[in-house]
Amino acid sequence: MIGVISVTEKGNIIAEKIKENIDCRIFLKSRENLDLKNVTKEFMEGLDGVVFISSTGIAVRFIAPYLKSKTKDPAIVVVDVNNNFTISLVSGHLGGANELTLKISNILNNTPVITTATDGMNIEAPDMIAKKNNLIIDDLKVCKEVASLIVNNKEVYFKDEKDIIYAPKGYIKTEEIQDDMILVTNKLDIPKKDKLLKLIRKDIVLGIGCRKDTDEKKLRKFVLKMLKENNYDERSVIKIGSIDIKKKEKAIISLANYLGCEFVTFNKDEINSIEADYEGSDFVFKTVGVRCVCEPVIHLMDGEVKVKKIKYEGMTLSIGEKYI
């Protein structure tokens, strides 16, 4: 959802036209409605983007107190009151302001203005590669350095460890990890190179079993330790799976919240249908009705087991990678 803010009666007409074409909230300034500061704050903190029908100066002054960072700011777009231009002002890439600019410009039939350098060169910036492919930027400082190399016509290399993403225009595909490159990976530790940007793919699935009322910190410490020992970046975890009797297990729910991933459960019939392929336990069967949990749920989450069942003090863990 986006918000549209108009500061003049002439701008109100443009705002109404946008609303006719896009589901949005609009604020039309009048003598009775002067609370522009608080509306800007509300829109910036609660919406995906804000379109100002105003001068760029007015927009800058009102958004300035609420700007946080490149990864958190919403898209900010400005349309002049004479409807000549739609301007991408803030968060052109990660926030989506460039895309929103093109969309609004098409609706209003005016000229889009996008000033990000890589867009002018028709080359995907590193942060756009990340956004387009649902990857996590490991280091924003390095991201800017790599973007600068591209803008200055320097050679930048590209490697996707799973060969899913083709090297975008302007990048050189490589099989070697080297300086001045983008590496798409789920690994924690990679070779130290100058201006090497790691883009993290979220494709790791965890199968977890544990005793009732397992300590939250104990489970988290165990799982993070196993991820690290197997060289997986914890930010690459996309899903945790277990048996359905564990759907309210606080330790697993807490772990999923910490990792920012989904927690899913499966019933014993689903697990029993494939558990014969994995090592089981009579004790587990007597307790929950299946012989094993953590490895079968990797399969049920469309994953391939990469780290077989690890047992530790009443907890079990298996690590898998999703088929992509």
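Here the structure is a predicted model, which is why all the values come from computation and not from measurement.
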* Check step by step if side-chain contact (heavy atoms from CB on, under 4.5 Å) holds for Ile76 and Val60. => CA-CA 9 Å; Ile76 304 295; Val60 168; over 6 Å; no
Are [Y] and [X] linked, directly or through intermediate hydrophobic residues, by side-chain heavy-atom contacts shorter than 4.5 Å (ILVMFWY only)?
X      : Y      : result
Ile252 : Ile204 : yes
Phe266 : Ile208 : no
Val307 : Leu224 : yes
Ile238 : Leu227 : no
Val264 : Leu317 : no

Roughly how far, to the nearest 0.5 Å, is the [atom2] atom of [Y] from the [atom1] atom of [X]?
X      : Y      : atom1 : atom2 : result
Leu199 : Asp127 : CG    : CG    : 9.5 Å
Lys17  : Ile107 : NZ    : CD1   : 9.0 Å
Ile165 : Lys159 : CD1   : NZ    : 12.5 Å
Glu313 : Phe222 : CD    : CZ    : 9.5 Å
Ile104 : Asn110 : CD1   : CG    : 9.5 Å
Leu89  : Phe52  : CG    : CZ    : 9.0 Å

Donor-acceptor pair, side chain of [X] and main chain of [Y], under 3.5 angstrom:
X      : Y      : answer
Asp215 : Lys217 : yes
Glu321 : Gly303 : no
Glu270 : Asn267 : yes
Asp80  : Phe85  : yes
Ser105 : Thr86  : no
Lys322 : Met301 : yes
Glu124 : Ile129 : no
Asn83  : Leu108 : yes
Lys198 : Lys187 : yes
Asn82  : Asn84  : no

What are the two closest heavy atoms between [X] and [Y], and how far apart are they?
X      : Y      : result
Pro74  : Leu47  : CB-O, 3.7 Å
Met226 : Ile310 : SD-CD1, 3.6 Å
Thr8   : Ser6   : O-OG, 2.9 Å
Gly170 : Ile150 : O-CD1, 3.5 Å
Cys24  : Val4   : SG-CG2, 4.0 Å
Pro112 : Thr101 : CB-CG2, 4.0 Å

Taking atom [atom1] as the centre, does [X] end up with more than 12 heavy-atom neighbours from other residues, nucleotides or ligands that are less than 6.0 angstrom away?
X      : atom1 : value
Lys132 : NZ    : no
Asp194 : CG    : yes
Glu175 : CD    : yes
Lys218 : NZ    : yes

* Asked: Does the side-chain contact (heavy atoms from CB on, under 4.5 Å) test come out yes or no for Thr316 and Glu295, once each step is laid out?
  -> CA-CA 9 Å; Thr316 57; Glu295 289 174 319; over 6 Å; no
Side chains of [X] and [Y]: closer than 4.5 Å at any heavy-atom pair?
X      : Y      : value
Leu100 : Val51  : yes
Ile172 : Tyr157 : yes
Lys228 : Leu188 : yes
Ile63  : Val50  : no
His299 : Glu304 : no
Lys37  : Tyr66  : yes
Glu16  : Ile13  : no
Lys10  : Ile53  : no

* To do: Quick one: sort the Tyr171 and Phe158 rings into parallel, tilted or perpendicular, breaks at 30° and 60°.
  => perpendicular
State plainly whether the residues [X] and [Y] are in salt-bridge range, i.e. N to O under 4.0 Å.
X      : Y      : value
Lys103 : Glu99  : no
Asp233 : Arg235 : yes
Lys41  : Glu45  : yes
Arg201 : Glu161 : no

* Quickly, which of Val184, Asn186, Thr185 forms a side-chain contact (heavy atoms from CB on, under 4.5 Å) with Lys162? Name it, please. => Asn186
* Polar side chain donor-acceptor pair, Glu234 to Tyr258, under 3.5 angstrom -> yes
* To do: Show the numbers, then the answer: is there a side-chain contact (heavy atoms from CB on, under 4.5 Å) between Lys202 and Ile136?
  => CA-CA 8 Å; Lys202 290 181 71 68; Ile136 297 172; 3.8 Å; yes
* **Steps toward side-chain contact (heavy atoms from CB on, under 4.5 Å) verdict (Ser242, Val297)** => CA-CA 6 Å; Ser242 191; Val297 299; 5.7 Å; no
